[in-house]
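Below: the structure, in structure tokens.
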Amino acid sequence: MIKNSILITAALVVGVACTSENVDKVAYKQTPDDHASIEEATSKITVTSIKTEKARSQIVRVGAGENLMGVLKRFDVTTSQVISLIGAVKPWLDLNKLATGQMIQVTLNENGDFKAISIGVKFATIITATLAEQGWQVKESELETEFVDRHIQVNIGRSFYNSALDTGMDAEVIQRAIAILSYQVDFQRSLQETDVFEVIYQSTQLINPHALSSESDLNKVRYIKLTVAGQVHALYLFEVGDDKFERFYYADGRPVQSFLLKTPLNGARLSSTFGHRKHPILGFTRLHKGLDFAATVGTPVFAAGDGKILKANWGGSFGNRVTIKHANGYQTLYAHLRSFAKGLKAGHIVKQGEVIGYLGNTGLSQAPHLHYEVHKDGHAINPLKLNMPQLTEQTLSGMELAAFLNTVSRIEGQLQQHHKLQSESSELVFNYILKENLQ
Ligand SMILES: [Zn+2]
């Protein structure tokens with residue numbers, strides 16, 4: 001968290017001090033926690049900006065209870081201009097639903113008049129709306145990124161979560177690993193300080209930090225290993241089927257996930273858990289009957305298990321929702337979807353991992369997310385506490401097994417190499433980073 005705040009502060013200084021054309025070209029060093037390098041870069045830009053001053057840009061943070069109208073009024077943008085701006089950027093995002101803390105870049109012309117507004121729409125993607133005589137012109141631009149593979153091994157110590165976080169591991173990686181490991185390990189009880197957690201994951205990272213985008217975006221966790229009291233749980237990610245449904249397997253090809261998925265989508269962050277909480281829109285405390293997963297609008301949502309579609313329609317505050325009836329008295333619900341899978345209707349039979357819809361922000365929803373509920377005999381239960389038999393019939397075989405075993409030996413080879421490097425240094429905690437330019 002500290003690293004992030006330093007980064008944002010630095011970007012803020014840059015944004016205020018320089019011409020907008022120069023912001024994107026500044027080459028930062030890759031270490032965001034290195035104060036000296038950021039200050040160096042900042043002072044360099046300030047000098048350049050005096051020479052080439054054409055336009056100025058400011059980074060504005062949306063305050064609590066503030067809306068776009070409030071922000072742009074400060075720059076003398078009229079109400080009707082704001083309304084047409086909202087319409088112009090509608091294909092990218094709903095400006096009526098700006099979150100508190102959202103960063104906006106406002107660019108002024110040489111006279112100090114409003115010229116353009118830029119806003120991040122998702123990781124590494126920014127739209128700029130320029131006010132022209134004939135209305136708003138919207139342009140989408142992509143920031144430069146690269147793939148980064150990380151291999152991290154850490155002693156559990158007193159807290160699994162904090163020890164992992166201290167290595168610089170992405171919080172999302174830890175959450176995802178816990179969700180997968182929770183099929184085998186009871187995190188409330190079984191962990192000891194000497195246990196070891198190891199993970200390989202890939203993320204896409206900005207080459208140069210930017211105030212309008214998060215620094216990195218997790219692609220996938222490829223390997224998870226947890227050693228509990230000498231017992232090893234090693235799990236490998238593998239994609240199956242045309243939908244590229246990702247699932248974790250043991251080294252012999254048996255699936256880790258069971259009857260119902262705890263996480264019915266790839267690449268999501270758990271943003272709200274099961275239990276009592278203050279409702280973000282309604283304001284009062286009530287039971288949150290499911291899990292919320294934040295991800296990009298349009299992320300495919302999978303059927304958590306084999307079953308029959310009960311509903312695939314508008315569900316009031318749920319927005320577009322799907323409910324599925326499974327065996328043994330289980331039902332699952334998926335809410336706030338942007339849209340349904342093509343042709344999906346009540347009565348259809350679906351398989352676990354089949355795409356049923358796409359993540360959205362419909363109904364009573366503040367930000368794009370999937371609200372996921374699991375019901376057993378009519379009562380909502382916590383999906384993370386699901387404890388069900390494994391799906392032995394989904395064990396990999398034939399061509400798929402051969403491809404999977406290839407993946408396993410590739411990962412094992414990588415691990416061996418890294419462990420050899422590690423044994424040359426005496427520390428147990430290590431953090432191996434491999435970069436690759438995105439083509
Ligand atoms: Zn929810």
Side-chain angles (χ1 to χ4, degrees), residues 64 93-94 96-102 122 161 171-172 174-176 178-180 182 187 214 218 257 260-305 307 309-326 330-341 344 350 352-353 355-388:
L93 87 164
D94 187 350
N96 287 316
K97 289 186 175 178
L98 279 185
T100 300
Q102 168 90 52
K122 61 182 180 191
Y161 192 83
E172 247 179 279
I174 307 169
Q175 284 183 346
R176 228 185 275 180
I178 290 175
I180 297 298
S182 63
F187 280 90
S214 57
L218 176 63
Q257 277 121 324
L260 289 181
L261 298 177
K262 296 181 183 189
T263 308
L265 71 175
N266 292 330
R269 177 174 59 83
L270 187 61
S271 56
S272 184
T273 51
F274 187 90
H276 287 278
R277 65 149 188 197
K278 198 169 171 195
H279 193 279
I281 291 178
L282 300 175
F284 50 83
T285 303
R286 66 174 195 178
L287 177 65
H288 186 231
K289 290 183 179 173
L291 302 176
D292 287 346
F293 294 99
T296 314
V297 168
T299 300
V301 174
F302 306 120
I309 303 287
L310 289 181
K311 289 172 188 160
N313 57 5
W314 183 259
S317 61
F318 282 140
N320 290 324
R321 57 90 203 267
V322 170
T323 53
I324 303 177
K325 183 177 186 292
H326 307 280
Y330 284 95
Q331 277 191 25
T332 51
L333 174 143
Y334 315 78
H336 312 304
L337 300 175
R338 181 193 69 188
S339 54
F340 304 105
L344 191 83
V350 287
Q352 183 175 58
V355 176
I356 51 167
Y358 301 91
L359 186 138
N361 194 17
T362 58
L364 201 57
S365 168
Q366 232 185 3
H369 78 287
L370 170 72
H371 171 87
Y372 173 52
E373 290 185 13
V374 175
H375 293 246
K376 165 79 172 154
D377 300 327
H379 297 283
I381 58 170
N382 185 350
L384 289 181
K385 297 240 166 95
L386 279 171
N387 212 351
M388 285 178 303

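One-based numbering, in listed order, for ligands and for the atoms of each. We count residues from 1, following the sequence as given.
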Which atom, counting only N, O or S, brings Asp292 closest to the Zn ion (ligand 1)?
OD1
Look at the N, O or S atoms of His369, main chain and side chain alike, and state whether any lies under 2.8 Å from the Zn ion (ligand 1).
no
Minimum-distance N/O/S atom that His371 presents toward the Zn ion (ligand 1):
ND1
Taking every heavy atom of Tyr372 against every heavy atom of Ala304, the minimum-distance pair comes out as OH-CB, 3.1 Å
Can you name the residues that form a ring-ring contact (aromatic ring centres under 6.0 Å, His included) with His288, not counting sequence neighbours?
His371
Nearest heavy-atom neighbours spanning Val301 and Tyr358:
CG2-C, 4.3 Å
Tell me, yes or no, whether the heavy-atom count around Lys325 atom NZ, taken from other residues, nucleotides or ligands under 6.0 Å, exceeds 12.
no
